[in-house]
**Q** 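Here you go, one structure.
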Amino acid sequence: MDIKEISAKKVYDSRKEPTICVFVKTEAGSFLTSSPSGKSKGKYETPAFAGNVDESIKLLEKLSPKIKGMRIEQFSDLEKIESIIKKNEIGANTLYALEASILKALAYEQRKQLWELLIKDMGKNTGKRMPFPIGSIIEGGLHTRYTAGKRADFQEFLIIPKAGKFSDNVEIMQKAHDLAKDKLKRRNGLGRLSDENAWSTRLNDESCLDVLNETRNNLESEKSVKVDIGIDVAASGFYSPDIYQYKNPEMLLSSKEQLNYIHGLINTFNVFYVEDPFNEEDFKSFKDLREKSGEMPLIVGDDLTASHIDRFAHALKSKSIDAVIIKPNQNGSLLEIKKLIDMAKKYKIITIMSHRSGETTDSTIADLAFGWQTDYIKTGVMGAEREAKLKRLMEIEKSL
Ligand code: 2PG
Ligand code: MG
């Protein structure tokens, strides 16, 4: 397949913030991908743009003649692109959208779905397992506005249903969203929808966990299926300086106290999944929590690892995590994202493909999750941007 032309335009995400959509033209047609954007960005993420969206578009136009005519025949040919376009100069959102569009064009030329193109490089023994979805039900921190002057300090309260079928899990997540709404209302704590279309609330973290735990218990007995719950603490968002500064209720916790606090919540509410419980520099506390909590909760790195191989390798060496969040636009290079997934699988670290809080209706990450066989996908529950990924995975499940 030969690239005839590349171009880009500015589009707006679910937060009405500008992001980029990249088009790749070939003999067969035009293929496009738009990039999401985060709010709670890790310090170690690749910058999203070359300054801003407009500057990224200009730079891409300038580099376009060097890409014109380039032949792409397999995934690894993205190296040719990356020898010309550097992620730190053009921005991760631009490079990611460009590479994803190229792969869509290549898949089309080979009469394959995008996931089929990707799964081919996963080795002979790779099965075709649907990922378990992880959906945000209540949100606090940087993902919400205040409700009656308050919000939860943790960023996300998550539901993780474990039915055998992906489509059943989607239904359970949607039911959880409804149930939690009623429970919040009864506690006089229901706010508006948050950035990811979860519920905002004036309730504190412990009350949110209580609501979530009750929701899970209801669903487990109604559906006779295992349902796990989780939190994304996004602790870097309220760590300053050298102390965890809670607002709801007000408390200042040292790292040691934070560890004991989180450990207590894991036990009280039977929490299965704990993302970024500490500041993004603190590999040691992640490890200490892992050791203290034993088998049960998955300790998950997001801001800690920032979808970069060196950060992930550090987390591996220091035994800090059980699972890793993969956000393609935290890095920009799909070659590196694939390497990171291969490495995680090799060392038996659980992989979680993830959306961003600012999303478009682009569903590329659904194909990346299935094609690269990640264990989970974290992509929300409600709203067109979140449902686009869930629908795409249900479509894939149906086609198998
Ligand atoms: C996270 C993400 C997605 P953001 O922290 O896991 O939920 O948030 O995109 O704002 O970084
Ligand atoms: Mg996170």
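For ligands, and for the atoms within them, numbers begin at 1 and follow the listed sequence.
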**Q** Specify whether H314 and F283 have parallel, tilted or perpendicular ring planes, treating 30° as the upper limit for parallel and 60° as the lower limit for perpendicular.
**A** parallel
**Q** Can you figure out which of H355, R356, K327, K378 has its heavy atom closest to atom 2 (C) of ligand 1?
**A** K327
**Q** What protein heavy atom is closest to atom 10 (O) of ligand 1, reported as residue, atom name and distance in Å?
**A** S357 OG, 2.6 Å
**Q** Report the atom name of the nearest N/O/S atom of D232 relative to the Mg ion (ligand 2).
**A** OD2
**Q** Need the atom name: nearest N/O/S atom of D302 to the Mg ion (ligand 2).
**A** OD2
**Q** Measure from the Mg ion (ligand 2) to every N/O/S atom of E275 and report the name of the nearest one.
**A** OE2
**Q** Suppose we measure from atom 5 (O) of ligand 1 to each protein heavy atom; which comes out shortest, and what is that distance?
**A** Q155 NE2, 2.9 Å
**Q** So is K162 actually on top of F272's ring, under 6.0 Å and inside 45° of the axis?
**A** yes
**Q** Which of the atoms in ligand 1, numbered in the order shown and given with their element, are less than 4.0 Å from a heavy-atom of D302?
**A** 1 (C), 5 (O), 6 (O)
**Q** Where is the tightest heavy-atom contact between P133 and M173, given as atom of each residue plus distance?
**A** CB-CE, 3.7 Å
**Q** Cation-pi check, K25 to F31: give yes when NZ or CZ is under 6.0 Å from the six-membered ring centre and within 45° of the ring axis, no otherwise.
**A** no
**Q** Could you establish whether S40 and ligand 1 come within less than 4.0 Å of each other, counting only heavy atoms on the residue side?
**A** yes
**Q** What residue and atom, counting heavy atoms only, is the protein's closest point to atom 3 (C) of ligand 1, and at what distance?
**A** E196 OE2, 3.3 Å
**Q** Which residue is it: Q174, E387, K175? I am looking for the one with a side chain to side chain contact (heavy atoms under 4.5 Å, CB included) to V381.
**A** Q174
**Q** As an exercise, identify every atom of ligand 1 less than 4.0 angstrom from a heavy atom of H143.
**A** 4 (P), 7 (O), 8 (O), 10 (O)
**Q** Is there a donor-acceptor contact under 3.5 Å linking the side chains of H143 and S194?
**A** no
**Q** Answer yes if L193 and L390 sit in the same cluster of Ile, Leu, Val, Met, Phe, Trp and Tyr residues linked by side chain heavy atoms under 4.5 Å apart, and no otherwise.
**A** yes
